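One structure, pasted below without further comment.
Fair warning: this is a prediction, and the values are worked out from it, not measured in the lab.
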Amino acid sequence: FVPGLRTSCGPNWYTGGSNNNSYILALFVTCFVMPLSLILFSYTNLLMTLRWAAAQQQESDTTQQAEREVTRMVVVMVLAFLICWLPYATFAMVVATNKDIVIQPALASLPSYFSKTATVYNPIIYVFMNKQFQGCLLKMVCCGHHPLGTGKTAPAAPSPQAEGLRNKATPSHPV
């Protein structure tokens, strides 16, 4: 419970003790270190795979441009995560390791509130930096109508393999 803000959802930054410090450390590891490690591992593998595919098609300018755009988007997403969570993680470690620090309740709540906004940034980054995501989102929001296009989008034509399977399952001529 934070008296000045009348809220109680979060660690107790004002009392010490091994239970409180172990909780803060567990929070640091599970909410910052583990997600950051997973993000870096996943995006590194994605970028290495993309770089390999782009190297296979060096003559294609569109592939090279797509690689640059995805790399830029990944860097922005990692930076957004760090900007949101690093103040909270730093604050948590400072409080856990420095017993004599005096922190105002309003100041103590800011990193927590800011870290919780991290869930909003990924979709925004995707919308502004990924044209395919933009198009799919517009179609979904507009019930299949593309607001910048010519009306309702046509369903995809069946592939020849799917057509062949249909013909095998149901004869094309009457029996």
Side-chain angles (χ1 to χ4, degrees), residues 10 24-94 96 109-175:
I24 292 172
L25 183 60
L27 194 66
F28 176 78
V29 169
T30 58
C31 292
F32 182 72
V33 174
M34 287 173 54
L36 182 61
S37 300
L38 184 62
I39 288 169
L40 291 175
F41 175 77
S42 299
Y43 282 147
T44 299
N45 284 332
L46 171 77
L47 291 176
M48 286 178 14
T49 302
L50 187 60
R51 198 154 278 161
W52 177 83
Q56 301 300 316
Q57 300 176 358
Q58 284 185 342
E59 67 278 352
S60 174
D61 288 338
T62 57
T63 304
Q64 302 301 318
Q65 181 181 354
E67 179 197 359
R68 284 190 299 274
E69 288 176 4
V70 170
T71 301
R72 194 173 314 130
M73 185 176 70
V74 165
V75 168
V76 169
M77 292 179 76
V78 171
L79 286 175
F81 179 84
L82 287 173
I83 289 169
C84 290
W85 279 98
L86 198 56
Y88 185 76
T90 304
F91 176 76
M93 293 313 294
V94 166
S109 65
L110 287 177
S112 176
Y113 294 141
F114 195 58
S115 67
K116 291 173 183 162
T117 65
T119 57
V120 175
Y121 299 128
N122 279 355
I124 292 171
I125 292 168
Y126 274 121
V127 166
F128 285 110
M129 297 189 80
N130 188 320
K131 291 185 187 350
Q132 285 178 320
F133 190 84
Q134 254 177 15
C136 289
L137 184 66
L138 280 172
K139 277 198 291 187
M140 182 186 73
V141 169
C142 298
C143 301
H145 291 278
H146 200 293
L148 305 175
T150 59
K152 191 153 181 102
T153 58
S159 68
Q161 292 86 4
E163 191 67 32
L165 288 175
R166 186 184 64 81
N167 287 338
K168 288 179 185 172
T170 53
S172 57
H173 60 282
V175 182

Next on the checklist: So if I apply the side chain to side chain contact (heavy atoms under 4.5 Å, CB included) rule between Met129 and each of Ile124, Val76, Val70, which one comes out positive?
Outcome noted: Val76

Checklist outcome for this item: Rounding to 0.5 Å, atoms OH (Tyr43) and CE (Met77) come to a distance of 3.0 Å

Checklist entry - Shortest non-hydrogen contact from Pro87 to Leu82? => result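 Reported closest heavy-atom pair: CD-O, 3.9 Å.
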
Checklist entry - When rounded to the nearest 0.5 angstrom, what distance separates CD in Gln56 from OG1 in Thr63? => result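 Going from the CD atom of Gln56 to the OG1 atom of Thr63 covers 11.0 Å.
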
Checklist entry - Can you find a pair of side-chain heavy atoms, one from Phe32 and one from Leu86, that are under 4.5 Å apart? => result yes

Checklist entry - Are the side chains of Phe128 and Phe133 in touch, meaning some heavy atoms are under 4.5 Å apart? => result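 Result no, sub-4.5 Å side-chain heavy-atom pair not found.
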
Checklist entry - Any idea which heavy atoms bring Phe81 and Cys31 closest together, and the distance? => result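 Smallest interatomic distance, heavy atoms only, reads CZ-O, 4.2 Å.
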
Next on the checklist: With rounding to the nearest 0.5 angstrom, report the CG to CG distance, Leu50 to Asn45.
Outcome noted: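 Rounded to the nearest 0.5 Å, the CG-CG separation comes out at 12.5 Å.
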
Checklist entry - If you round to the nearest 0.5 Å, how far is OG1 of Thr44 from CD1 of Ile39? => result 11.0 Å

Next on the checklist: Donor-acceptor check, side chain of Thr117 to backbone of Phe114, threshold 3.5 angstrom: yes or no?
Outcome noted: yes

Checklist entry - Would you say Glu69's side chain and Asn130's backbone share a donor-acceptor pair under 3.5 angstrom? => result no

Checklist entry - Can you name the closest pair of heavy atoms from Cys84 and Tyr121 and give their distance? => result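 Minimum heavy-atom separation between Cys84 and Tyr121: SG-CE1, 3.1 Å.
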
Next on the checklist: Other residues, nucleotides and ligands only: do more than 12 of their heavy atoms fall within 6.0 Å of CD on Gln132?
Outcome noted: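 Incorrect, the count does not exceed 12.
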
Checklist entry - According to the salt bridge (Lys or Arg N to Asp or Glu O under 4.0 Å) rule, which pairs have a member within residues 44-53, sequence neighbours left out? => result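 Listed by first then second residue: Arg51-Glu67.
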
Next on the checklist: Determine whether Tyr126 and Met73 satisfy the following criterion, side-chain contact (heavy atoms from CB on, under 4.5 Å), listing intermediate values before the conclusion.
Outcome noted: CA-CA 8 Å; Tyr126 274 121; Met73 185 176 70; 3.7 Å; yes

Next on the checklist: So Trp85 and Leu36, do their side chains get closer than 4.5 Å, heavy atoms only?
Outcome noted: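 A side-chain contact is absent here, since even the closest heavy-atom pair is not under 4.5 Å.
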
Item to check | Minimal non-hydrogen separation, Ile24 against Ala96, with atom names | outcome: CG2-CB, 3.8 Å

Item to check | Those residues that, when tested against Arg68, pass salt bridge (Lys or Arg N to Asp or Glu O under 4.0 Å) (two or more places apart) | outcome: none

Next on the checklist: If we ignore hydrogens and angles and just use 3.5 Å, is the side chain of Ser115 paired with the main-chain N or O of Ser112 as donor and acceptor?
Outcome noted: yes

Checklist entry - Which residue pairs pass the salt bridge (Lys or Arg N to Asp or Glu O under 4.0 Å) test with at least one member in residues 27-46, sequence neighbours excluded? => result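 Not a single pair qualifies under salt bridge (Lys or Arg N to Asp or Glu O under 4.0 Å).
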
Next on the checklist: Using side-chain heavy atoms (C-beta onward) and a distance below 4.5 Å, is Tyr88 in contact with Leu27?
Outcome noted: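 Yes, their side chains come closer than 4.5 Å.
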
